[in-house]
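One structure is given here, and the rest of the page talks about it.
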Amino acid sequence: MAHPIITLTTDYGTSDHLVGVMKGTILKINPETTIVDISHSVMPFDILDGALTIGQAYRHFPPKTIHVVVVDPGVGSQRRPILVTGDQHYFVAPDNGVLSMVYECEPKVTVRHITAEHYFLNPVSNTFHGRDIFGPVAAWLGKNWQTPSFGEEVSDYVRFSLPKPKVANNTIKGVVLKVDNFGNLITNLTPEDVPQVVAGTNFKITVGAREIDKLAQTYAHGAPGEVLALIGSSGFLEISVNKGHAARALSMQRGAEVTIVLG
Amino acid sequence: MAHPIITLTTDYGTSDHLVGVMKGTILKINPETTIVDISHSVMPFDILDGALTIGQAYRHFPPKTIHVVVVDPGVGSQRRPILVTGDQHYFVAPDNGVLSMVYECEPKVTVRHITAEHYFLNPVSNTFHGRDIFGPVAAWLGKNWQTPSFGEEVSDYVRFSLPKPKVANNTIKGVVLKVDNFGNLITNLTPEDVPQVVAGTNFKITVGAREIDKLAQTYAHGAPGEVLALIGSSGFLEISVNKGHAARALSMQRGAEVTIVLG
Amino acid sequence: MAHPIITLTTDYGTSDHLVGVMKGTILKINPETTIVDISHSVMPFDILDGALTIGQAYRHFPPKTIHVVVVDPGVGSQRRPILVTGDQHYFVAPDNGVLSMVYECEPKVTVRHITAEHYFLNPVSNTFHGRDIFGPVAAWLGKNWQTPSFGEEVSDYVRFSLPKPKVANNTIKGVVLKVDNFGNLITNLTPEDVPQVVAGTNFKITVGAREIDKLAQTYAHGAPGEVLALIGSSGFLEISVNKGHAARALSMQRGAEVTIVLG
């Protein structure tokens with residue numbers, strides 16, 4: 001493979017020189033690399049937001065893509081750097097749970113503790129492992145494709161559960177995982193969690209003071225300003241406002257509760 | 001052509017995973033593609049802003065560049081996806097007028113309704129056609145360069161007129177089309193609309209409470225904080241403040257009126 | 001070298017079409033160029049901020065990288081465009097001091113006044129030299145690598161000194177050069193300026209109303225919310241808040257004073 005593809009997902013923002021420096025470091029090791037930004041606007045230090053971002057994006061890239069994910073509040077502490085081999089993709093990240101959604105989606109993963117320091121940019125700083133460890137490891141992997149050379153397999157890697165819907169009798173409670181660029185409220189409810197909603201049988205969705213009793217097919221449905229529920233492109237139930245910004249219109253944020261009552 | 005060039009212009013923002021996913025989808029079809037961002041900060045759902053962005057940018061790219069433009073409030077509804085062939089460039093977009101400025105600038109275009117679903121990422125979602133239709137079509141076009149294979153020619157494509165200056169006696173009224181990153185107010189007035197201003201004969205430009213009676217050559221002219229009029233790099237009259245932010249200094253926004261009185 | 005690498009550092013922002021147009025112009029001259037963004041969020045017109053951004057980033061790129069730096073409040077005036085050859089890198093920029101930190105870091109530079117107008121995008125505008133001069137010059141340099149063909153050497157190029165710490169008796173006063181994306185306050189103090197702090201001997205750092213008396217190894221040290229001092233990845237003393245945003249927590253901005261008293 002002449003041109004390895006490396007993606008970057010971080011909470012570094014794009015105002016500073018950090019992302020550019022990571023890319024320079026990668027190109028210094030392998031100038032033939034194609035580098036693609038997934039997002040650098042993961043909420044600072046927010047491992048769940050990072051897990052969702054890479055979890056929703058990675059499968060759309062070609063096989064053998066190497067995904068670097070750096071949301072790393074513990075940089076410089078004892079948390080391990082890891083290299084994960086999934087079915088078709090590779091992941092390089094701190095071992096803090098930021099790959100939890102990848103672990104949920106992949107049928108089988110091999111996780112290695114990265115210990116081969118000759119791949120690092122030495123001396124390794126205590127504060128910028130994107131430049132000193134994660135970027136270089138990804139770049140070298142894109143040259144040699146030898147995962148065992150980076151370190152031993154481990155089984156005790158950190159993994160958390162994404163927030164699950166709570167079901168009680170005819171009531172399902174979900175939570176807003178993310179507000180997207182358009183203001184859509186993306187919940188943790190999948191079609192499997194709410195088959196009755198997808199089927200269109202009697203239901204009532206409550207978000208804040210609003211009630212919704214039907215599922216829309218797309219954002220453009222309904223009158224301008226109407227509050228809609230629909231299944232979004234990542235497979236989650238979303239609350240949206242036609243040509244508007246649901247989060248502002250409903251004064252709701254990440255973590256807000258969405259309740260569905262059936263029948 | 002070994003490396004097709006695809007540009008992206010959207011209102012997706014760069015905080016979410018959407019742009020990264022579009023790029024992954026394109027690279028999955030053709031990893032040799034060079035992808036360039038024009039802007040992902042088109043104002044959400046704002047077709048005029050999208051039309052201006054691509055209209056000012058596309059001609060600076062190499063011949064055969066494929067421009068993907070996704071400002072698409074009607075995603076999932078009946079609006080058609082189209083593939084447009086201009087003199088030297090290709091465009092892939094929803095048929096909602098977002099290419100109107102391209103149509104104004106190109107001597108002749110061929111517009112096709114994209115119907116060849118085997119090029120799509122199936123099943124096509126109702127909410128993310130950048131990933132499922134526009135990106136894949138651009139990637140396949142960059143491999144086969146066969147525009148007829150994507151669909152039949154149509155002539156009833158959607159096209160709106162950009163706001164035109166109003167002329168009455170010795171008065172010309174223009175409008176602010178955009179506020180740029182520096183706060184400059186970019187109007188819809190071209191040198192052809194206001195030859196007397198360019199020639200420097202007697203005129204008075206009124207913006208809000210301010211009056212300007214000469215044309216500057218560049219932003220650096222005048223005293224710091226002075227309000228200036230000049231012809232900007234895209235060929236429109238701009239109102240600027242030397243080392244300042246005109247929109248904030250004058251409390252003016254997109255849509256504000258600019259009046260020129262001659263003589 | 002088949003694929004020249006060109007980096008971009010500007011104050012253009014990424015909302016407008018400007019950065020995309022620069023890239024198109026470069027690719028039109030040499031479609032084999034790899035273009036990498038360092039930052040487009042340099043503070044508008046702020047030459048010091050631009051100098052710091054490129055100064056901290058450039059050495060992490062491969063040898064022969066061409067760095068284009070456009071923070072250019074004097075665009076269209078008499079300030080010269082220059083091409084700088086350092087030990088391993090090239091720089092294309094306005095001659096306004098924006099390369100001052102590069103000059104400090106490089107053992108020897110050759111500075112040329114770019115006068116070869118046949119490399120420009122003609123006619124050259126008065127307002128967008130990123131598109132018309134700096135981008136095209138970088139692209140042509142990446143094809144011919146002949147620096148003398150761009151213009152004559154000059155020795156009177158503009159260079160300012162970065163703010164230096166003030167030392168009086170046992171007191172060292174530094175200044176905050178930048179607030180990064182995480183809110184860390186990056187000062188102008190290096191380990192060479194404050195060896196006693198690095199050695200951990202008696203000292204007291206005062207920032208606003210807070211006092212710090214030890215040096216942390218990394219951001220994760222201390223209790224959540226604790227104010228820390230550490231040596232950051234670019235080699236400057238930083239004030240940080242564990243899992244927090246130091247600039248907001250301390251109500252401090254760029255230019256704020258940091259005082260160290262020894263003993």
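The sequence lines fix the lettering, A, B, ..., with proteins before strands; numbering per chain opens at 1.
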Practice item. Residue by residue, scan residues 217-225 of chain B and write down, ordered by number, those that have a heavy-atom distance under 4.5 Å to chain C; if none do, write 'none'. Key: B:Gln217, B:Thr218, B:Tyr219, B:Ala220

Exercise for review: Can you establish whether the number of heavy atoms outside B:Gln253 located under 6.0 Å from its atom CD is more than 12?
Suggested key: no

**Study point:** Contact winner vs chain B - C:Leu18, C:Thr25, C:Asp72, C:Asp132, heavy-atom pairs under 4.5 Å
**Key:** C:Thr25

Review point. Do you know the tightest heavy-atom contact between C:Asp16 and B:Ser39?
Key: O-CB, 4.0 Å

Exercise for review: Could you look at C:Val19 and say if it's the side chain, the backbone, both or neither that has a heavy atom under 4.5 Å from chain B?
Suggested key: neither

Check your understanding: If you tally heavy-atom pairs under 4.5 Å against chain B, which of C:Ile35, C:Leu121, C:Ile29, C:Val75 wins?
Key -> C:Val75

Check your understanding: Is any residue of residues 48-61 of chain B within less than 4.5 Å of chain C by heavy atoms, and which ones?
Key -> B:Thr53, B:Gln56, B:Ala57, B:Arg59, B:His60, B:Phe61

Review point. Counting heavy-atom pairs under 4.5 Å to chain C, which of B:Thr7, B:Thr14, B:Val36, B:Asp180 comes out on top?
Key: B:Asp180

Check your understanding: Quick one: are B:His3 and C:Pro31 in side-chain contact, heavy atoms under 4.5 Å?
Key -> no

Study note, to complete from the structure: Looking only at C:Thr34, C:Ile26, C:Asp37, C:Val21, most heavy-atom pairs under 4.5 Å shared with chain B are made by C:Val21

Review point. When C:Thr127 is tested against each of B:Leu230, B:Asn184, B:Ile231 for side chain to side chain contact (heavy atoms under 4.5 Å, CB included), which residue passes?
Key: B:Leu230

Point to revise | B:Pro62 to C:Gly24 - nearest heavy-atom pair and separation | key: CD-O, 3.9 Å

Practice item. State, yes or no, whether a side-chain contact exists between B:Ser234 and C:His17 at a heavy-atom distance under 4.5 Å. Key: yes

Practice item. Identify which part of C:Asp11 has an atom lying under 4.5 Å from any heavy atom of chain B, answering side chain, backbone, both or neither. Key: both

Exercise for review: Using a cut-off of 6.0 Å, state whether more than 12 heavy atoms not belonging to B:Lys214 lie near its atom NZ.
Suggested key: no

